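Below: one structure, written as structure tokens.
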Amino acid sequence: MTIRSMRMWRRPIPDKSRWSFVVGRSRWWLANPKTKLPVKLNDRTSDQGRTTNDASPLKTMPKQIYDVIVIGTGAGGGMAIKTLCEAGLKVCAINAGRRLDPEKDFRYHRMPWDMKFRGLDDPKRRSESFGYMDNEYTKAAWDHEIPFTVAPGTKWMWPRCNAVGGKTNFWGRSSARFGDIDLRAASRDGYDVDWPVTYEEISPFYTRVEKMIGVASTVQNRPSNPDGSYLPPFNFRCLDFILQAGCNKVGVPYLPDRCAQLTQPHEGHPACHFCGECTTGCDVGAFFSTPYFLLPKAEATKNLDLRTNALAKNVLVGENGHAAGVAYIDRKTKQEVEVYSRAVVVAASCIESARIMLNSKSRYWPNGIANSSGQLGRNLCDHLYGESARGYLPQLVGQPSFPDHVADSTIAWMPRWQNLKDPHEEKFIRGYSVYPDGGCEEFPWFANDLDGFGSLFKREIKRRYPSPVSFGIQAPSLRSDTNFMDLDPEVKDPYGIPVARLHFEWDENVLKMWEHSKHVCAEVLHAAGGVLEGSGQNPEIPGWSLHETGTCRMGNDPKNFVTNRFGQAHDVPNLYVCDASVFLNCTDKTTTISILAFSLRTSEHLIENFRRGEHKAA
């Protein structure tokens, strides 16, 4: 313990009667694993061990030891919190930001003309924006205080929503499963290594998650995207039927997306009412987010202590080098606080989780906790996004306007069709997917490509309004020794914590996918009778997708992997990781539903370890 923290805590020797109660309670529970732990409300304090601020003589509170501390409340953290609390474990959840108020922090049906800067924010601040999701409607929800740096030659954007629920408040909701073609990709094409988990093992967890959160789609019988348990899909629009016909001619699939957005009431949540503001926050909870779907269930158990505005600094280490708790910064008081537990779950997101662990240095772990392999922070992967093609459908020109974008979701997708039978049939290995979109959106961005002025220009915008279409690629980068994050040796955040430094460049394989997608999407558009107007000159910069993976990879060999096949640190058996950092690489699918499934599996493994008595008091 640091001198500063000793001054702050001034803690007496722990009361042995309380210690025996904690251990005794665990023995009682282990003998009755199906029974939930008893709740003692008077046994919980909000700031254990800290002195009071009144003028009376200094008082101390007895040291509380939680069963588990969970860092982060996003997809992985939220699932862990719910699962652990429902098993009867006492959980302290640490979240770097505050709770959001949908009326103030979401778009909440406000229109551009309701906003001072028409939703685009002050021009003086736009250079600070993280892009498409960080706008005048939701700017208070995105974190701009904690900086990061990039190595020479690296471009990276890192949008962070540190509010309770994290990016699940604003995510895109595409929710396709990983399949054996992803988990066994190395056996097929010879690159890197296979995942230590088979599809047969993880499939039941996907099914449980789909039933828990509600995913709208159809059974599609494709090897690249295994089928699951689905609600009815969103209806195709006119543009979808036209593009689907073009895809059929070219031999490319065009199918309903897997979308975690409700087409009918589900588990007490209402169906989507098509207001079209999903990615700026849903105020009725009609798509999955942890504040609507997971945290209320955890709080109902009375086993959760949720601490907000608590920026995790490092994992505390006990006498044996195991995790003993977490030190965090109270962002309101600027004070450092320590909380203790018998196990720790890190679920702060791929880069932030690695940053916390790299900053957790001690005599046991001079290079960061659980980093004997030297792989912590390495193997960073991301999705390449970009506009593969754009144009319009003459069939829809002059047609009546229709609210095509009211669901604000990816209605359709073109799931991976490359390298399915032969892993080397293309000039690249593995594969990508494409998200088509278009129709009547809130603002006619296509007007930038039109010529004209005055009334004729306006009429042409109106005439073309139902007809624009575009295709966006989602392509996985390959694992590379040159792509990683580490700690900047010079730059610290406002709380004195070393910041993350990113080293990343797109690899040749993913850039070949990018070029391939341009040719195929142009061919689809022509086959559909459309007019091609162009494509993105360059892909979006790395980090744009919010789908980074790999910094705490799972594997069976402790010399080459940070965590085992359950997301449990090889070096520190009471330390677990529940986010996309444990994934070996990106696939052509998004990551959120897989984070939920793997977190559920890891959490139940953790619970079983408690039942077997493998986690002792910190």
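This one's a predicted model, so the numbers in the text were calculated from it and none came from an experiment.
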- Task: May I ask you to test the F287-Y292 pair for a side-chain heavy-atom distance under 4.5 Å?
- Result: no
- Task: Please lay out, stage by stage, how R99 and E299 fare under the test salt bridge (Lys or Arg N to Asp or Glu O under 4.0 Å).
- Result: CA-CA 14 Å; R99 288 182 183 266; E299 290 174 319; 2.4 Å; yes
- So E442 and R107, salt bridge (Lys or Arg N to Asp or Glu O under 4.0 Å) or not? Walk me through it. CA-CA 14 Å; E442 182 174 63; R107 181 166 175 176; 2.5 Å; yes
- Message: Contact between M357 and L575 at the side-chain level, heavy atoms closer than 4.5 Å - yes or no?
- Response: yes
- With ring-ring contact (aromatic ring centres under 6.0 Å, His included) as the test, would you mind laying out the steps for F566 and Y576 before giving the verdict? CA-CA 8 Å; F566 290 101; Y576 299 78; 9.3 Å; no
- Message: Is it the case that the ring center of H109 lies less than 6.0 angstrom away from the ring center of Y137?
- Response: no
- At their closest point, which heavy atom of A260 faces which heavy atom of I213, and how far apart are they? CB-CD1, 4.0 Å
- Message: With no hydrogens and no angle check, just 3.5 Å: does a side-chain donor-acceptor pair link N585 and T549?
- Response: no
- Message: Among R98, R110, K139, which residue satisfies the salt bridge (charged side-chain N to carboxylate O under 4.0 Å, His left out) criterion with D105?
- Response: R98
- Message: Less than 4.0 angstrom from a charged side-chain N to a carboxylate O is my criterion; do E604 and R611 meet it?
- Response: no
- D257 and T410 side chains, donor-acceptor separation under 3.5 Å: yes
- Query: So does K297 have more than 12 non-hydrogen atoms from other groups sitting under 6.0 Å from NZ?
  - Reply: yes
- Item | is_close_aromatic(F598, F583), centroid dist under 6.0 Å | yes
- Message: Whether K334 engages the ring of Y495 as a cation-pi pair (distance to the six-membered ring centre under 6.0 angstrom, angle to the ring normal within 45°) should be assessed.
- Response: no
- Query: Are any non-hydrogen side-chain atoms of R307 and Y328 less than 4.5 angstrom apart?
  - Reply: yes
- Message: If you apply the rule side chain to side chain donor-acceptor pair (under 3.5 Å), what do you find for T218 with Y230, and how did you get there?
- Response: CA-CA 7 Å; T218 58; Y230 300 122; over 6 Å; no
- Within a strict 4.5 Å, meaning less than it, do heavy atoms of the Q261 and F234 side chains meet? yes
- Any ion pair linking E201 and R565 (charged N to carboxylate O, less than 4.0 Å)? yes
- Message: Applying salt bridge (Lys or Arg N to Asp or Glu O under 4.0 Å) to R331 and E145, what does each step give before you reach the verdict?
- Response: CA-CA 11 Å; R331 296 176 79 169; E145 184 183 34; 2.5 Å; yes
- Message: Would you say Y385 and Q474 are linked by a side-chain donor-acceptor pair, where the criterion is simply a distance under 3.5 Å?
- Response: yes
- Message: Looking only at side-chain N and O atoms, does N225 offer a donor or acceptor that is under 3.5 Å from a partner on Q220?
- Response: yes
